[in-house]
Amino acid sequence: MFRNAMKIMECSRVFSLPMSIFSWLVVFVFALIASGNAFYGILALIGICFTHLGTNVLDDYFDYKSLIKQVDFNKEEYLKNSQKTKCRYLINGMMNETDIIKLGILYFGIALLIGVLLFAKCGMGVLYFALAGGIIGIVYPFVSKYCLSEVAVALSYGPVLFGGVYYVMTGTYSKEAMLLCVPTMFVAVILLYIHSVMDYEYDLNEGHLTVANRFDSQLDALIVLKLLLIFTYISVLILCIFDIVDWQIFLTYLTIPLAVDLYKSMKEFACNPEDEPEHKWYHFPMEKLEIFRLRNEASFMVRMFQSRNLMIYFSLFMVIGIILSLAI
């Protein structure tokens, strides 16, 4: 049973859940300070996480279906790929297509039940945010083929998540919460963009149009990463200008070394995709690295962990800044 649970977690890309959890934590604390209902906020988190996992498995399913339609698709060669970890479990037979569809239905079904409960308890506003989140989750595998992945993620981890959580906790809509979402929204988009830069060639071969592969090379595509990082830290200043939080929010600037290291790491990847970047003491956590090294996936996964951990630390410092600004 434990082995099956681990297999399901790996196939669902559980390692990406901090993207949802730490985005939620920022607005959860903000709403809690405004006398929000903590129980409803936690229920919303569970729904968000299951929607995230459902989107992951459906995205993999449709990518897999697209792959096997290719005349020149070679399973053995694809499994040697040190970058693409998606679909591996389908291609190597760890799970079959029916299992994935059932898993996706289960995840979205649990999210739907939680949404119905919150709708009954919190009111009509839940329907709007839940519908928006659900629709984005279901259409994501399709819009991701047409340079719209970043837009979908920005909406999901920005106004939909922040507005929805704040609403279920307080029963009100909040312009402040919508503005508060902007920095973490950028960091969420960065995580996705890192993935698409590293999948540059594979997305091209599979017919996926991404923002990254509209550039002539991976190195050229990093101009967007640089802009996203700059906008992330500028948006923190905007929160102070609009008097949503005070100067303590600038604790997030302590993550700038992580952002710089991430950018340098991606430049190295663009020149030599096989090189594993240098590890520094503040880069942790990076779980299962030995396993990824055995699979020749460390170069890819370390950079994914770098971008994920940037989001974790950025969000945590944002939470601390909010508490110091508004609760003390």
Side-chain angles (χ1 to χ4, degrees), residues 10 13-23 25-26 81-85 150 153 157 183-200 212 217-237 247-324:
E10 180 181 352
R13 284 184 270 149
V14 171
F15 76 87
S16 66
L17 270 185
M19 187 175 175
S20 291
I21 294 169
F22 285 92
S23 291
L25 183 62
V26 174
N81 175 16
S82 64
Q83 298 171 44
K84 192 83 167 179
T85 55
E150 287 79 8
V153 166
Y157 288 91
T184 54
M185 178 185 75
F186 276 126
V187 185
V189 172
I190 286 167
L191 199 155
L192 172 70
Y193 192 72
I194 292 292
H195 199 295
S196 66
V197 170
M198 291 194 290
D199 277 347
Y200 182 95
S217 69
Q218 289 172 311
L219 195 58
D220 289 344
L222 293 181
I223 184 62
V224 175
L225 174 60
K226 183 184 289 186
L227 290 172
L228 287 170
L229 289 167
I230 291 169
F231 290 154
T232 298
Y233 293 100
I234 289 175
S235 65
V236 173
L237 175 63
W247 61 267
Q248 292 91 338
I249 203 69
F250 289 115
L251 284 170
T252 54
Y253 282 16
L254 292 173
T255 63
I256 288 176
L258 281 170
V260 171
D261 286 348
L262 176 61
Y263 183 76
K264 288 180 178 177
S265 178
M266 289 304 298
K267 284 185 71 174
E268 292 168 7
F269 181 89
C271 299
N272 190 345
E274 303 303 320
D275 275 359
E276 185 177 331
E278 178 189 357
H279 291 209
K280 297 180 180 177
W281 65 268
Y282 50 80
H283 286 165
F284 67 94
M286 290 192 178
E287 62 273 16
K288 294 185 179 179
L289 262 190
E290 291 306 317
I291 294 174
F292 291 123
R293 284 179 180 131
L294 288 173
R295 293 179 182 173
N296 294 319
E297 296 170 358
S299 172
F300 178 89
M301 290 305 301
V302 165
R303 289 171 171 92
M304 288 303 297
F305 288 145
Q306 280 185 292
S307 55
R308 181 201 65 180
N309 294 350
L310 172 62
M311 176 167 209
I312 290 174
Y313 291 127
F314 187 93
S315 300
L316 285 175
F317 281 123
M318 227 179 139
V319 166
I320 294 169
I322 290 168
I323 292 170
L324 294 175

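When reading the values below, keep in mind they use all heavy atoms of this one structure, side chains included, and skip hydrogens, waters and symmetry mates.
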Practice task
Can you see which heavy atom on Ala188 is nearest to which on Met19, and at what distance?
Solution key: O-CE, 3.5 Å
Fill in the blank from the handout: Rounded to the nearest 0.5 Å, the CD1 atom of Ile312 sits from the CG atom of Leu316 at a distance of 7.5 Å
Fill in the blank from the handout: d(Tyr263 OH, Ser265 OG) to nearest 0.5 Å is 12.0 Å
Practice task
Would you indicate whether the side-chain heavy atoms of Glu150 and Ser196 approach each other to under 4.5 Å?
Solution key: yes
Problem - Leu222 and Met266, any side-chain heavy atoms less than 4.5 Å apart - result: yes
Practice task
Would you please test Ile323 and Ile320 for side chain to side chain contact (heavy atoms under 4.5 Å, CB included) and show each step?
Solution key: CA-CA 5 Å; Ile323 292 170; Ile320 294 169; 5.8 Å; no
Handout entry: Approximate separation, where rounding is to 0.5 Å, of Leu324 CG and Ile249 CD1
Key = 9.0 Å
Handout entry: Minimum heavy-atom distance Leu251-Gly321, with the two atoms named
Key = CD1-N, 4.3 Å
Completion exercise
CZ of Phe314 to CD1 of Ile190, rounded to nearest 0.5 Å, is 8.5 Å
Handout entry: Check: Met304 and Leu191 side chains under 4.5 Å, non-hydrogen atoms
Key = yes
Practice task
Show your reasoning for whether side chain to side chain contact (heavy atoms under 4.5 Å, CB included) applies to Tyr157 and Thr184.
Solution key: CA-CA 8 Å; Tyr157 288 91; Thr184 54; over 6 Å; no
Problem - Side-chain touch Phe305/His283, heavy atoms, less than 4.5 angstrom - result: no
Practice task
May I ask you to decide if Val197's main-chain N or O and Gln218's side chain share a donor-acceptor pair within less than 3.5 Å?
Solution key: yes
Handout entry: Atom of Phe186, atom of Thr232 and distance for their closest heavy-atom approach
Key = CB-OG1, 3.1 Å
Handout entry: Minimal non-hydrogen separation, Ala221 against Tyr193, with atom names
Key = O-OH, 2.7 Å
Handout entry: Ser217 (side chain) donor-acceptor with Asp220 (main chain) under 3.5 angstrom
Key = yes
Practice task
Report the relative orientation of the aromatic rings in Tyr233 and Tyr253; use parallel for angles under 30°, tilted for 30 to 60°, perpendicular for over 60°.
Solution key: perpendicular
Completion exercise
Note: Val302 and Met286 closest approach over all heavy atoms is O-CE, 3.7 Å
Practice task
Classify the side-chain pair Arg303/Ser299 by whether it contains a donor and acceptor separated by less than 3.5 Å.
Solution key: yes
Completion exercise
Result for side chain to side chain donor-acceptor pair (under 3.5 Å) between Asp261 and one of Lys280, His279, Gln306 points to Lys280
Fill in the blank from the handout: Interatomic distance, CZ@Phe269 vs NZ@Lys267, rounded to 0.5 Å, equals 15.5 Å
Practice task
Measure across Val26 and Ile322 and return the closest heavy-atom pair with its distance rounded to 0.1 Å.
Solution key: CG1-CD1, 3.7 Å
Handout entry: Separation between CZ of Arg308 and CG of Leu262, rounded to the nearest 0.5 Å
Key = 13.0 Å
Problem - Any donor-acceptor N/O pair, Ser23 side chain to Ser20 backbone, under 3.5 Å - result: no
Practice task
Decide side chain to side chain contact (heavy atoms under 4.5 Å, CB included) for Asn309 and Phe284; before the verdict, give the C-alpha distance in whole Å, the side-chain angles of both, and the deciding distance to 0.1 Å.
Solution key: CA-CA 7 Å; Asn309 294 350; Phe284 67 94; 5.6 Å; no
Exercise for the section: Given side chain to side chain contact (heavy atoms under 4.5 Å, CB included), test Thr255 with Val187 step by step and report yes or no. Expected result: CA-CA 11 Å; Thr255 63; Val187 185; over 6 Å; no
